[in-house]
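When reading the values below, keep in mind they use all heavy atoms of this one structure, side chains included, and skip hydrogens, waters and symmetry mates. First the proteins, then the strands, lettered A, B, ... as listed; each starts at 1.
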Amino acid sequence: MKPARTRFAPSPTGFLHVGGVRTALFAWLVARQTGGQFILRIEDTDRAREVKGAETHIIDSLRALGLDYDEGPDLPGDYGPYRQTERLDTYKTWAQTLLDAGRAYADPYSPEEVQSFREQAQKAKKPFLYRDHRPEQQPAWDGKRPLRFKSEPKAYDWQDAVMGKLHAGAEAIDDFILIKSDGFPTYNFAHVVDDHEMAITHVIRGQEFIASVPNYLNLHEALGFTPPVFATMPHILNEQGNKKLSKRDGAKDVLDYLKDGYLVEALINFIASLGWNDGTTQEIFSREELIERFSLDHVQRSGARFDERRLEWMDGHWIRTLDNDTVYSRCGGFWPESAKDAPEDYKKQVLDITRERLKYLAELPQQTDFFFVDLPVDPKLIDNHKQLKKMDNQELKAMLEQAKASLEQSDFSPIDLSKRLNQLLEQTGQKPAVLFSLIRIATTQAPASPGLADTLAVLGKERSLKRLHTQLDALK
RNA sequence: GGCCCCUUCGUCUAGUGGUCCAGGAUAUCUGGUUCUCAUCCAGAAGAUCGCGGGUUCGAAUCCCGCAGGGGUCACCA
């Protein structure tokens, strides 16, 4: 496949949610797979909707996800600038070309007049077409009025890399606005010019644009441009499955998933699998595998629901699969407060025996706190235990004393600990459910922990024995 | 309302005329793994392939119609 130039072209109106990220990811994959370029272009022509800081936020998100771009507003390339508001001259030039060719005209109507045309159409239950009102005499374009495209309506058949063969009749084509009265171009005009000027080969975008493609095709002809490959993504639906995922509807900022401790590997894998598969039953894909296997024609045509439980499973999978040091490197701020002064080596050991029960890193504090701080004795742990609650304190103490005596002799290596724990089972004649539960409760004071021998080994001799003492005192 | 797109277990999906009275994953339930919570393993349950016609020896797969859902018809992208 020839090197593709793809782009992600968000408007700086807020954060990125999974829908936007998926579009960016697929565009990025196509570029990386073909050895081409991935471009970030900021579509900031609607000044009213622009949100301060959004561009930076979007860039941070792409960086955090590892979707590196080759050219962008902060990464100049041969086709810049990469912000539309900095490209106004380009749009003017092409607008003039259209004007000269008689393919653009100034809109003589007031917004109110256009609105009344629209309402007429609505009342008549017909689609609104501005060209039904195309004026005979157009005033000269003074830059204060909207500039409209003089379309040449006709039917189009085209190929979409995802949707396949697509068709639309002439009624889909209208005299849309090229340049607004504020002098800024519309998306419809600007993106066509930019994609051409930036030599974009694949336009990958959401389904909401599919109805406008005939207009874009018509504009391409008027400008003498060769259209790029179009690839239309299905929507990602909300959890209820009744509407497309949107910020208003509670869609989360992808950066928030990272902040909750979801691994990028999992996030990328999950988002890719929402609407794409490689035709096999494989579910887990690394970034490298995605680059290798991704293909637009395997992208689903129907919308997919965003199911957070599936993301949790996938994240747990990646936490378990990646090597300990890699996972450790992501744990930074997720450790409990109590771990603040703990040595790195100790935290790595804790992570190693804990991570198989993590769904995401934000669970770290609740699952590891007892490794770093001596929690107060919690009588409920025994009182609520099915078997331990039936035993009196003397019995419990006797058991703990025996355990203590043996553990005092141990070097606290996992092997020796396992051996001694087994011996204790024989000595006491107790079942693991009783003996191990008691030792576990005494040494952790936590409702859940990793396996007993591992836990003791990591806690170490001094701390483990101290906690046994504390529990013994509490049983008096 | 016009135009366009979509429709397989709760969810994500495999499937492009026969090996599919539909496979995998997840979620749920059950059992097992020396304690807990997980993991892991085994198993169960779960889809009349949106509905109705047709073509064919044979259809989830092809054709037609219908229904439902979504998108669009902005000086938003």
Peer 1: Of the nucleotides B/C73, B/G24, B/C5, which one has an atom closest to the side chain of A/T281?
Peer 2: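 Looking only at heavy atoms from C-beta outward on A/T281, the closest nucleotide is B/G24.
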Peer 1: Looking across every strand, which nucleic acid part, if any, lies under 4.0 Å from A/H191 by heavy atom: base, sugar-phosphate, or nothing?
Peer 2: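 Nothing, no nucleic acid heavy atom in range.
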Peer 1: So A/S273, base contact, sugar-phosphate only, or nothing? Heavy-atom distance under 4.0 Å.
Peer 2: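 Here A/S273 touches the backbone only, sparing every base.
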Peer 1: Would you say the side chains of A/Y156 and A/N218 form a donor-acceptor pair under 3.5 Å?
Peer 2: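 Short answer, yes.
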Peer 1: Just call it for A/G316: base, sugar-phosphate, or nothing, with non-hydrogen atoms closer than 4.0 Å on any strand.
Peer 2: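 The answer is nothing, as A/G316 stays clear of every strand by at least 4.0 Å.
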Peer 1: Once you apply the 3.5 Å cut-off to both distances, tell me the Watson-Crick or G-U wobble partner of B/C20, or none.
Peer 2: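 Base-paired to nothing in any strand shown.
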Peer 1: Could you tell me whether A/F176 contacts a base, only the sugar-phosphate backbone, or nothing, with contacts defined as non-hydrogen atoms closer than 4.0 Å?
Peer 2: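 Touches nothing.
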Peer 1: Across the strands shown, which category fits A/T444 at heavy-atom distances under 4.0 angstrom: base, sugar-phosphate, nothing?
Peer 2: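 It contacts nothing in the nucleic acid.
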Peer 1: When both hydrogen-bonding distances must be under 3.5 Å and the geometry is Watson-Crick or G-U wobble, what is B/C3 paired with, if anything?
Peer 2: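 Across all strands, the one nucleotide that pairs with B/C3 is B/G71.
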Peer 1: Considering every strand shown, what is the Watson-Crick or G-U wobble mate of B/C66 when both distances are under 3.5 Å?
Peer 2: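 In the structure as shown, B/C66 has B/G50 as its Watson-Crick or wobble partner.
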Peer 1: Write down the partner of B/U55 under the Watson-Crick or G-U wobble criteria, each distance required to be under 3.5 Å.
Peer 2: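 No nucleotide pairs with B/U55.
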Peer 1: Could you check whether any side-chain N or O of A/D307 sits under 3.5 Å from a backbone N or O of A/R309, counting only pairs where one atom can act as donor and the other as acceptor?
Peer 2: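 Between the backbone of A/R309 and the side chain of A/D307 there is a qualifying donor-acceptor contact (under 3.5 Å).
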Peer 1: A/K386 side chain N/O closer than 4.0 Å to the phosphate oxygens (OP1, OP2) of B/U36?
Peer 2: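 For B/U36, OP1/OP2 do not have a side-chain N/O of A/K386 under 4.0 Å.
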Peer 1: Examine B/U11: is either OP1 or OP2 under 4.0 Å from a nitrogen or oxygen in the side chain of A/R305? Give yes or no.
Peer 2: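 Yes.
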Peer 1: Would you mind classifying the nucleic acid contact of A/D174 as base, sugar-phosphate or nothing, using non-hydrogen atoms under 4.0 angstrom?
Peer 2: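 The answer is nothing, as A/D174 stays clear of every strand by at least 4.0 Å.
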Peer 1: Measure from the side-chain heavy atoms of A/A448 and tell me the nearest of B/U72, B/G24, B/C37.
Peer 2: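 When the side chain of A/A448 is considered, B/C37 is the closest of B/U72, B/G24, B/C37.
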Peer 1: Counting only Watson-Crick or G-U wobble pairs whose two distances fall under 3.5 Å, which nucleotide matches B/G43?
Peer 2: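 Its partner is B/C29.
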Peer 1: Need one value for A/S302: base, sugar-phosphate or nothing, where a base atom within 4.0 Å counts as base even if backbone is also close, heavy atoms only.
Peer 2: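 Sugar-phosphate: the residue A/S302, judged by heavy atoms under 4.0 Å, touches backbone atoms but no base.
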Peer 1: With a cut-off of less than 4.0 Å, is there a side-chain N or O of A/R320 near OP1 or OP2 of B/C40?
Peer 2: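 Checking B/C40 against A/R320, a side-chain N or O does come within under 4.0 Å of OP1 or OP2.
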Peer 1: Any side-chain N or O of A/R301 under 4.0 Å from OP1/OP2 of B/U7?
Peer 2: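 It does not, given that no N or O in the side chain of A/R301 lies less than 4.0 Å from OP1 or OP2 of B/U7.
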Peer 1: Looking only at side-chain N and O atoms, does A/R41 come under 4.0 Å of OP1 or OP2 in B/A77?
Peer 2: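 Checking A/R41 against B/A77: no side-chain N or O falls below 4.0 Å of OP1 or OP2.
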Peer 1: What nucleic acid atoms does A/R145 come within less than 4.0 Å of, heavy atoms only: base, sugar-phosphate, or nothing?
Peer 2: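 Touches nothing.
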Peer 1: Mind checking A/L452 for me? I need base, sugar-phosphate or nothing, with any heavy atom below 4.0 Å counting as a touch.
Peer 2: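 Base contact - A/L452 has a heavy atom under 4.0 Å of at least one base atom.
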Peer 1: Between A/Q115 and A/R118, do the side chains contain a donor N or O and an acceptor N or O under 3.5 Å apart?
Peer 2: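 Their side chains do contain a donor-acceptor pair, which is all the 3.5 Å distance test asks for.
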